[in-house]
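Working notes, structure below.
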Amino acid sequence: MVKKATAIANANIALVKYWGKRDKNLILPYNGSISLTCDGLFTTTTVEFSDKYAEDLVIINDKELKKDEKDILGHLERIRKMAGIKEKVRVVSKSNFPVAAGLASSASGLAALTLAAAKAAGLNLSQRELSILARQGSGSACRSIYGGFVEWLKGEKEDGSDGYAKQIVDKNSWPEFRMIVTILSEAKKKIGSRAGMAQTVETCPYYESWLETINQDLEIIRKGILKRDFTIAGVQAEYNCLKMHALMIATKPAIIYWIPATMEIIQSVIRWREEGLECYFTIDAGPNVKVLCLEKDEKEINRRLLGLEGVIKTIIAKPGDDAKIIDKHLF
Ligand code: DP6
């Protein structure tokens, strides 16, 4: 039997952010989060388990993964164990956007890898089981299993069985919603989110306050999404993003992902909004800013963003699909 499959998964951008783990091995978060799965920012991954391979080989965006990069190899081993197979693996993965610049490449990457590897290994998993499995590769990846607006439930159980993502509404529920991703710097970030969030939990004096106020953020954004109220969703997403960056800045040593162009966009978005052009920003563990707007304003906001100093390019994303298996393999 051929043990080969290819999957495609979209990236997701959080409107309420995940920052901090209560269990580092199982990747269980301290707080719930909500995201938009974005079309146009995706990873395609082909996985094959076979006796013809003498060792595991993983190629991501044309570069061979080094043996010391344990996360992805560990995730493949987890899937091999679940399926009770021993064959070595070959993986080829490609994203259509810059990797490791705070653009959620780990989310689409680990979601596509999980789906393709589970299928290739002969596991027949539900979306919930795939979400739990993807989570163990990278937390935010559990949300990329689903399209549309998605909530990752933090769960209470120690084994992580109630820590999975579920869809709030699918992509057709709010088709006018847009996320304009600005690419400011393609340089690999200095500190990854994994190490960064661990440092915040350990040293940031405001972390308790973050946890105390997160349920309110989740409730308001959920309501905004269900009512398709752009102002409610946008205001709260921007606020939650700033709260997360306040935590990062108050971490020891400080984690500052912003570069001058980041601030230029923040100030511009606030000014455009005051002028009556409704848009909001959100920023993850990197300098790039994502601007939230509605379809009717997408062209004007995109034009203005491209006119700002330091903006290399933009990608306009709409609500995207669930992760899925496709027929066309990468090798
Ligand atoms: C700022 O999911 O990349 O983008 O679980 O350690 O792999 P690991 O971290 P990751 O962190 C994402 C952090 C964030 C916020 C978010 O997407 O919710």
Side-chain angles (χ1 to χ4, degrees), residues 10-17 33-41 97-98 101-104 148-149 171 173-187 189 213 216-217 220-249 256-320:
N10 286 311
N12 71 74
I13 306 291
L15 303 175
V16 177
K17 312 289 187 187
S33 53
I34 291 180
S35 56
L36 173 71
T37 296
C38 296
D39 81 343
L41 291 170
F97 57 92
L103 271 189
F149 291 87
K171 64 168 192 174
S173 160
W174 200 355
E176 302 85 9
F177 198 99
R178 292 291 179 277
M179 185 84 85
I180 307 182
V181 178
T182 64
I183 314 269
L184 306 180
S185 156
E186 307 215 357
K189 57 197 180 195
T213 57
Q216 204 181 358
D217 293 0
I220 293 171
I221 295 260
R222 227 183 275 124
K223 194 164 95 194
I225 291 167
L226 290 169
K227 287 173 67 177
R228 282 182 288 155
D229 186 320
F230 184 60
T231 306
I232 289 183
V235 165
Q236 204 67 20
E238 192 175 285
Y239 173 62
N240 179 269
C241 154
L242 287 172
K243 263 202 296 192
M244 178 182 71
H245 284 271
L247 293 182
M248 293 164 164
I249 290 168
I256 304 174
Y257 287 116
W258 299 358
I259 58 176
T262 312
M263 189 51 101
E264 177 72 24
I265 302 180
I266 291 175
Q267 304 282 20
S268 301
V269 164
I270 294 170
R271 198 173 56 245
W272 298 339
R273 205 160 60 217
E274 282 164 4
E275 290 165 17
L277 188 59
E278 193 172 15
C279 52
Y280 302 90
F281 60 82
T282 189
I283 307 158
D284 292 295
N288 302 300
V289 184
K290 293 95 183 181
V291 179
L292 283 55
C293 67
L294 292 171
E295 187 183 11
K296 65 179 174 64
D297 299 320
E298 150 196 336
K299 281 208 181 75
E300 177 60 18
I301 293 168
N302 191 47
R303 189 187 65 77
R304 292 189 187 194
L305 284 169
L306 286 169
L308 296 178
E309 181 141 351
V311 176
I312 299 167
K313 70 172 200 167
T314 59
I315 303 168
I316 303 179
K318 302 176 191 166

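Computation of the quantities below employed the complete heavy-atom set of this structure, encompassing side-chain atoms and omitting hydrogens, waters and symmetry-equivalent molecules. Throughout, numbering of the chain's residues begins at 1 and tracks the sequence.
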Does some side-chain heavy atom of [Y] sit less than 4.5 Å from a side-chain heavy atom of [X]?
{"X": "Glu238", "Y": "Arg273", "answer": "yes"}
{"X": "Met179", "Y": "Leu41", "answer": "no"}
{"X": "Val311", "Y": "Leu184", "answer": "yes"}
{"X": "Thr231", "Y": "Glu278", "answer": "yes"}

Value rounded to 0.5 Å, distance of [atom1] in [X] from [atom2] in [Y]:
{"X": "Ile265", "Y": "Leu308", "atom1": "CD1", "atom2": "CG", "result": "6.0 Å"}
{"X": "Met263", "Y": "Gln267", "atom1": "CE", "atom2": "CD", "result": "5.5 Å"}
{"X": "Ile301", "Y": "Ser268", "atom1": "CD1", "atom2": "OG", "result": "11.5 Å"}
{"X": "Ile220", "Y": "Tyr239", "atom1": "CD1", "atom2": "OH", "result": "9.0 Å"}
{"X": "Glu264", "Y": "Ile266", "atom1": "CD", "atom2": "CD1", "result": "10.5 Å"}
{"X": "Asn288", "Y": "Thr262", "atom1": "CG", "atom2": "OG1", "result": "7.5 Å"}

Would you check if the side chain of Thr182 reaches a backbone N or O of Val289 as a donor-acceptor pair within less than 3.5 Å?
yes
So does Glu295 get a backbone contact from the side chain of Arg178, meaning a donor-acceptor N/O pair under 3.5 Å?
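No, Arg178 side chain to Glu295 backbone: no donor-acceptor pair under 3.5 Å.
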With sequence neighbours left out, which residue pairs that include part of residues 281-316 fulfil the ring pair (Phe, Tyr, Trp, His ring centres under 6.0 Å) condition?
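The answer is none; no pair qualifies.
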Provide the closest heavy-atom pair for [X] versus [Y] in the form atom of the first, atom of the second, distance.
{"X": "Pro287", "Y": "Ile259", "result": "CB-CG1, 3.7 Å"}
{"X": "Pro175", "Y": "Pro319", "result": "O-CD, 4.3 Å"}
{"X": "Cys293", "Y": "Ile180", "result": "SG-CD1, 4.0 Å"}
{"X": "Phe149", "Y": "Ile225", "result": "CD2-CD1, 3.5 Å"}
{"X": "Asp39", "Y": "Asn10", "result": "CA-OD1, 3.7 Å"}
{"X": "Cys241", "Y": "Thr282", "result": "CB-OG1, 3.5 Å"}

The criterion is salt bridge (charged side-chain N to carboxylate O under 4.0 Å, His left out); which residues satisfy it with Asp217, sequence neighbours excluded?
Lys243
Any residue meeting salt bridge (charged side-chain N to carboxylate O under 4.0 Å, His left out) with Arg304, in chain and number order, not counting sequence neighbours
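Per chain and number, Arg304 pairs via salt bridge (charged side-chain N to carboxylate O under 4.0 Å, His left out) with Glu275, Glu300.
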Candidates Leu36, Leu294, Leu226 - the one meeting side chain to side chain contact (heavy atoms under 4.5 Å, CB included) with Trp174:
Leu294
Please determine whether a side-chain nitrogen of the Lys or Arg among Asp284 and Lys17 lies less than 4.0 Å from a carboxylate oxygen of the Asp or Glu.
yes
side-chain contact (heavy atoms from CB on, under 4.5 Å) assessment of Tyr280 paired with Leu15
CA-CA 11 Å; Tyr280 302 90; Leu15 303 175; over 6 Å; no
Parallel under 30°, tilted from 30 to 60°, perpendicular over 60°: which one fits the rings of His245 and Trp258?
tilted
